[in-house]
Chemist: 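This is the structure, below, for whatever I ask next.
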Amino acid sequence: MTPDELSHVLSAALASAVADGTFALDADAVPTSVHVERPKQREHGDWATNVALQLAKKAGVPPRELAQELATRLGSTPGIKAVDVAGPGFLNITLEAGAAGELARTIVESGAAYGRNDSEAGKKVNLEFVSANPTGPIHIGGVRWAAVGDSLARVLEASGAEVTREYYFNDHGAQIDRFARSLLARARGQEAPEDGYGGQYIAEIADAVIADAVAAGDTDPRDLPDAEAQEVFRSRGVERMFGEIKSSLHDFGVDFDVFFHEDSLHGSGAVDRAVARLQDAGRMFEADGATWLRTTDFGDDKDRVVIKSDGDAAYIAGDIAYYLDKRERGFDEAIIMLGADHHGYVGRMMAVCAAFGDTPGVNLQLLIGQMVNLVKDGQPVRMSKRAGTVVTLEDLVDAVGVDAARYSLARSSVDTSIDLDLDLLASATNENPVYYVQYAHSRTCAVDRNAADRSVARGDGFDPALLDHETEAVLLGRLTEFPRIVAQAAELREPHRVARYLEGLAADYHKWYSERRVLPYPDEEVETVHRTRLWLNDAVRQVLANGLDLLGVSAPERM
RNA sequence: GCGCCUGUAGCUCAGCGGAUAGAGCGUCUGCCUCCGGAGCAGAAGGUCGGGGGUUCGAGUCCCUCCAGGCGCACCA
């Protein structure tokens with residue numbers, strides 16, 4: 001029996017008690033689906049609900065009395081072994097072992113589909129993340145969004161949404177100019193401009209640009225007049241940087257569907273059209289020679305300049321056009337993941353959304369994630385190119401590998417800032433919980449290999465009532481939760497819940513493994529109990545694999 | 001000054017109003033003649049930052065104070 005089914009049974013019992021006048025409740029006060037949850041204490045049964053506590057006041061009945069009435073009505077339901085009233089009025093429900101154990105077969109037969117749900121079905125979602133400027137390699141902060149963002153995309157897809165992963169290249173404006181000037185200066189052996197970029201990668205990109213140009217039969221850009229040379233370094237340098245960012249993300253297991261170039265918005269007239277639309281809607285005004293968007297009408301703390309007094313578009317103009325573009329491409333929800341250093345955008349972007357007549361928080365959702373801090377010897381280390389303390393995506397992967405990197409970044413809530421210890425990163429990789437989860441998976445695979453050797457096969461028999469050990473009830477309960485965890489991770493946009501779930505599942509599996517043998521001893525015959533346990537082993541294997549996949553982490557068969 | 005996020009075990013972090021607050025790592029004690037010891041069992045370790053409030057019930061919600069992080073441009 002699944003929690004959903006149990007929930008319906010409870011609702012029905014409640015409804016019938018209201019219908020025959022046992023409880024004096026308005027029909028609309030009766031919840032359509034009763035919330036059931038896994039109790040922390042095993043003694044409290046397989047499932048528990050607090051409906052009686054919540055409805056007691058409305059019904060004018062003491063909670064325990066209300067609970068007792070429900071317990072009586074549930075008592076004879078097939079699959080339910082016992083219903084107890086506990087504490088202030090909880091209902092603790094214990095299922096028949098067979099009813100619970102049936103799940104093992106369901107999971108194995110569902111395969112990769114187990115965990116998929118329809119909580120986000122029908123939604124067309126644009127998920128924008130990373131979007132680091134193409135003026136340098138992706139550093140540790142961006143890697144967090146790569147790991148979390150891609151995992152969120154996977155979780156949303158598993159919940160029925162159609163997701164487009166999008167990366168916004170800020171390839172327009174002053175930062176790119178600084179990047180181009182830095183490349184040119186470096187190529188000519190000059191000092192980096194005061195406001196420019198000076199890392200080692202600048203030299204590498206500069207050299208590559210020269211080589212690219214020469215290979216294409218063009219003049220060595222160093223010999224061109226300044227303006228022309230800078231343009232060559234800009235276009236070829238940015239192209240190079242795009243390539244590096246794309247390939248390092250790909251190596252990290254993150255592939256975007258769309259790389260959107262800010263420059264295209266300015267070149268195509270999209271900015272002008274978006275601004276005109278807000279003007280027609282009466283959201284703009286002129287002041288001090290500039291054109292403003294009255295974002296304060298929608299809760300922003302100050303109005304924003306869209307067209308500067310020198311006639312150039314301000315940065316937000318691109319964002320306005322970009323948002324409109326996403327909506328015109330048919331996305332119901334535009335989700336943007338931003339670092340905490342950009343949370344100042346929230347107010348103005350939500351106002352932009354509202355100014356177009358959309359609903360902030362629905363059509364546009366901004367997810368703010370806290371920063372990743374570097375720590376050495378317990379002391380915070382400021383990332384500095386000069387001091388050589390910049391940690392890039394490649395550095396992180398080189399140090400711990402893709403699986404450990406993705407897992408450690410995706411397993412905690414983005415609301416908390418993460419401290420990464422550089423020394424710990426380089427040495428003690430074994431402390432990463434990813435190995436605990438992966439080990440459980442490879443253990444299930446080892447059992448499968450041995451089962452094949454002993455000719456234990458699932459198909460030959462399955463009797464769920466034989467899954468009657470304490471650790472089996474716990475394990476089955478955990479397996480039942482998986483689809484809800486995925487749905488919850490999608491709804492709350494919190495993929496880290498999947499990782500935490502897997503750690504719990506791995507622990508339950510290891511405990512079961514140490515209590516119950518899947519295979520017969522050498523002198524024993526193969527019996528139904530062995531085959532039945534193999535079903536359970538394989539169900540765990542499937543869920544671990546499905547969960548790890550949602551995190552973009554591999555599920556190794558051996559390690 | 002204003003706004004957002006955070007404060008839970010020695011460390012890193014879970015815990016979308018429920019029962020005795022958890023995990024990994026670290027420390028200590030046990031457990032491999034049979035399916036993987038990267039594991040299991042047990043122990044030690046907590047004023048859930050402080051104080052008020054709401055509630056049958058608060059780590060969770062509200063107020064306030066303290067501490068830390070990050071923001072408050074006609075920069076991008």
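Every chain is numbered from 1, with letters handed out A, B, ... down the list of sequences.
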Chemist: Can you give the dot-bracket line for RNA chain B, where a pair is Watson-Crick or G-U wobble with both atom distances under 3.5 Å, crossing pairs use [ ], and | marks a partner on another strand?
Modeler: (((((((..((((....[...)))).(((((.......))))).....(((((..]....))))))))))))....
Chemist: Would you indicate what A:E262 reaches in the nucleic acid, counting non-hydrogen atoms under 4.0 angstrom: base, sugar-phosphate, or nothing?
Modeler: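 If one applies the 4.0 Å heavy-atom cut-off, A:E262 turns out to touch nothing in the nucleic acid.
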Chemist: Using the closest heavy atom to pick a nucleotide of RNA chain B for each, name whichever of A:V305 or A:K511 lands nearer the 5' end.
Modeler: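 Between the two, 5'-proximity favours A:K511.
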Chemist: Using a 4.0 Å heavy-atom cut-off, does A:D288 contact any base of the nucleic acid, only the sugar-phosphate backbone, or nothing at all?
Modeler: base
Chemist: Could you tell me whether A:S412 contacts a base, only the sugar-phosphate backbone, or nothing, with contacts defined as non-hydrogen atoms closer than 4.0 Å?
Modeler: sugar-phosphate
Chemist: Checking all strands, does A:I176 fall into the base, sugar-phosphate, or nothing category for heavy-atom contacts under 4.0 angstrom?
Modeler: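 If one applies the 4.0 Å heavy-atom cut-off, A:I176 turns out to touch nothing in the nucleic acid.
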Chemist: Hey, does A:A174 reach any base, or is it just sugar-phosphate, or nothing, if we go heavy atoms under 4.0 Å?
Modeler: sugar-phosphate
Chemist: Does A:N450 place a side-chain N or O at less than 4.0 Å from the phosphate oxygens OP1/OP2 of B:rG36?
Modeler: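 Yes, such a contact exists.
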Chemist: Would you indicate what A:H342 reaches in the nucleic acid, counting non-hydrogen atoms under 4.0 angstrom: base, sugar-phosphate, or nothing?
Modeler: nothing
Chemist: Exactly one of A:L420, A:V390, A:I418 should register a side-chain contact (heavy atoms from CB on, under 4.5 Å) with A:I140. Which one does?
Modeler: A:L420
Chemist: Would you classify A:R533 as touching base, sugar-phosphate or nothing, given that sugar-phosphate means primed atoms plus P, OP1 and OP2, and contacts are heavy atoms under 4.0 Å?
Modeler: nothing
Chemist: Across the strands shown, which category fits A:S442 at heavy-atom distances under 4.0 angstrom: base, sugar-phosphate, nothing?
Modeler: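 If one applies the 4.0 Å heavy-atom cut-off, A:S442 turns out to touch a base.
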Chemist: When you check the glycosidic angle of B:rC32, does it come out syn, meaning within 90° of 0, or anti?
Modeler: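 With its glycosidic angle within 90° of zero, B:rC32 counts as syn.
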Chemist: If each of A:S309 and A:R517 is mapped to the nucleotide of RNA chain B with the nearest heavy atom, which maps nearer the 5' terminus, i.e. the 5' end?
Modeler: A:R517
Chemist: A:P433 near the nucleic acid: base, sugar-phosphate alone, or nothing, with a heavy-atom cut-off under 4.0 Å?
Modeler: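 If one applies the 4.0 Å heavy-atom cut-off, A:P433 turns out to touch the sugar-phosphate alone, with no base involved.
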Chemist: Each nucleotide N or O in nucleotides 16-20 of chain B that has a protein N or O under 3.5 Å away: list the pair and distance.
Modeler:
unit_1, atom_1, unit_2, atom_2, d
B:rC16, OP2, A:R497, NH2, 3.4
B:rC16, N4, A:Q488, NE2, 2.1
B:rG18, N7, A:N50, ND2, 2.8
B:rA19, OP2, A:K40, NZ, 3.2
B:rA19, O2', A:Q41, OE1, 3.4
B:rA19, N6, A:N92, OD1, 2.7
B:rA19, N1, A:N92, OD1, 3.2
B:rA19, N1, A:N92, ND2, 3.2
B:rU20, O2', A:Q41, NE2, 3.3

